[in-house]
Amino acid sequence: MGKKVKWNWTSALVGAATATAAAALISAKPKDPTFHVIKINLSSFKLKFPIIDTDLILTVHVTNPNIVPIHYSSTIMSIFYDGSLIGSAQVEAGSQRSKSCQTLELTARLNGVELMTRHAAKFFSDVAKREMVLDARVDIGGTASLLWWGHRFNVHVDSHITVDPVFLDIIDQENKSSLEVYLA
């Protein structure tokens, strides 16, 4: 029927090592983190008659799906309404363990002057419909360290959030993030 094949331990070990290395490379490939706004809380009104500036607390759920911990620097998230910048939120510097989730509370301020001078009619229409669309953008930079190697990274996040402007309930949201790792 045929030749008998002789078992070779060296070939078996090389094959197993190659398969392990390939699996490690695939699992080590950087993955985009995920961001999800959980809730929006009103923290204060600042009345500058007839305009009201609003301070909010944005609670954001962040997932790091990568096998390395990260350290990120502080940055500012820009908040837009109908294409105009109406506010910002401070993202404090911090870190996150590998393959973990955490909740961030971001302090945000919405500028009532910008909202009322350029978008008053649309804003009142949205309040009547109880549906307001906000966009947010942020770039977060930091380092990811594996053993003694630290690699810089940048995450760009675009969020499209529909909220009830009366009760600040989140109706719908779409968040997109893209990760760029700098190897040099």
Side-chain angles (χ1 to χ4, degrees), residues 26-43 52-112 114-142 144 152-182:
I26 290 170
S27 69
K29 179 182 179 262
K31 298 168 188 69
D32 292 342
T34 59
F35 298 85
H36 186 79
V37 178
I38 299 171
K39 65 181 173 178
I40 301 171
N41 290 330
L42 178 67
S43 59
I52 299 174
D53 285 343
T54 308
D55 289 341
L56 305 169
I57 302 293
L58 307 174
T59 305
V60 180
H61 182 263
V62 183
T63 302
N64 175 14
N66 296 297
I67 63 170
V68 295
I70 60 170
H71 303 280
Y72 52 90
S73 57
S74 63
T75 189
I76 301 289
M77 177 175 63
S78 300
I79 303 170
F80 299 88
Y81 176 68
D82 198 31
S84 297
L85 179 66
I86 62 159
S88 62
Q90 178 69 38
V91 179
E92 298 295 333
S95 63
Q96 187 167 353
R97 294 186 327 267
S98 62
K99 295 194 176 258
S100 68
C101 301
Q102 74 180 29
T103 303
L104 302 177
E105 290 193 348
L106 310 179
T107 303
R109 172 163 288 169
L110 301 183
N111 183 339
E114 178 66 28
L115 191 61
M116 289 300 137
T117 56
R118 297 178 123 190
H119 306 286
K122 181 165 177 33
F123 175 72
F124 288 120
S125 170
D126 287 350
V127 169
K129 290 188 303 187
R130 298 204 36 202
E131 190 172 288
M132 179 178 182
V133 177
L134 298 172
D135 293 304
R137 291 186 199 103
V138 66
D139 286 303
I140 303 169
R152 289 185 318 110
F153 69 86
N154 188 56
V155 177
H156 178 78
V157 182
D158 284 315
S159 297
H160 184 78
I161 303 170
T162 305
V163 298
D164 176 345
V166 176
F167 293 112
L168 299 177
D169 292 331
I170 299 167
I171 298 168
D172 189 30
Q173 66 181 299
E174 180 181 346
N175 302 297
K176 294 179 183 174
S177 64
S178 60
L179 172 67
E180 185 174 353
V181 177
Y182 305 103

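Under the 4.5 Å side-chain criterion, counting only non-hydrogen atoms from C-beta, Ile79 is not in contact with Leu85. Residues Thr75 and Met77 form no side-chain contact, since every pair of their non-hydrogen atoms from C-beta on lies 4.5 Å or further apart. Here the side chains of Val62 and Gln96 are in contact, with some heavy-atom distance below 4.5 Å. The side-chain heavy atoms of Glu131 and Ile171, taken from C-beta on, include a pair separated by under 4.5 Å. Residues Ile70 and Phe153 are in side-chain contact: their nearest non-hydrogen atoms beyond the backbone lie under 4.5 Å apart. In this structure, Thr107 and Ile57 have side chains that are in contact, with non-hydrogen atoms separated by less than 4.5 Å. Contact of the Thr103 side chain with the Val60 side chain is not registered, since no non-hydrogen atoms from C-beta on lie closer than 4.5 Å. Under the 4.5 Å side-chain criterion, counting only non-hydrogen atoms from C-beta, Leu104 is not in contact with Thr59.
The line from CD1 of Ile86 to OG of Ser78 is 11.0 Å long, rounded to the nearest 0.5 Å. For the atom pair CZ (Arg118) and OG (Ser84), the distance works out to 4.5 Å, reported to the nearest 0.5 Å. Separating the CG atom in Asp169 from the NZ atom in Lys39 is a distance of 11.5 Å, to the nearest 0.5 Å. Going from atom CG of Asp82 over to atom CE of Met132 covers 9.5 Å, rounded to the nearest 0.5 Å. Here the CD1 atom belonging to Ile170 is positioned 11.0 Å from the CG atom belonging to Asp164, to the nearest 0.5 angstrom. Here the straight-line distance linking atom CG of Asn154 with atom OH of Tyr182 works out to 4.5 Å at 0.5 Å rounding.
In this structure a side-chain-to-backbone donor-acceptor pair under 3.5 Å is missing from Asn66 to Val68. The main-chain N or O of Pro33 is found under 3.5 Å from a side-chain atom of Ser177 such that the two form a donor-acceptor pair.
Across all their heavy atoms, Asp32 and Pro65 have their closest contact at O-CG, 3.5 Å. Arg130 and Phe167 make their closest contact through NH2-CD1, 2.7 Å (heavy atoms, listed as atom of the first residue, atom of the second, distance).
Separation of the His61 and Phe35 ring centroids does not fall under the 6.0 Å cut-off.
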Applying side-chain contact (heavy atoms from CB on, under 4.5 Å) to Asn111 and Asp53, what does each step give before you reach the verdict?
CA-CA 5 Å; Asn111 183 339; Asp53 285 343; 3.8 Å; yes

Would you please test Met116 and Phe124 for side-chain contact (heavy atoms from CB on, under 4.5 Å) and show each step?
CA-CA 9 Å; Met116 289 300 137; Phe124 288 120; 4.1 Å; yes

Working for side-chain contact (heavy atoms from CB on, under 4.5 Å), residues Leu56 and Leu42
CA-CA 5 Å; Leu56 305 169; Leu42 178 67; 3.9 Å; yes

Begin with the C-alpha distance, continue with both residues' side-chain angles, and end with the deciding distance and a verdict on side-chain contact (heavy atoms from CB on, under 4.5 Å) for His36 and Gln173.
CA-CA 8 Å; His36 186 79; Gln173 66 181 299; 3.2 Å; yes

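Between the side chains of Asn175 and Ser159, a donor-acceptor pair is found at a separation under 3.5 Å. With 3.5 Å as the limit, one finds a donor-acceptor pair spanning the side chains of Asp126 and Tyr81.
Asp158 and Lys176 are not joined by a salt bridge, as no carboxylate oxygen comes within less than 4.0 angstrom of a charged side-chain nitrogen.
Annotation: Arg97, atom CZ; neighbour count of heavy atoms from other residues, nucleotides and ligands within 6.0 Å does not exceed 12.
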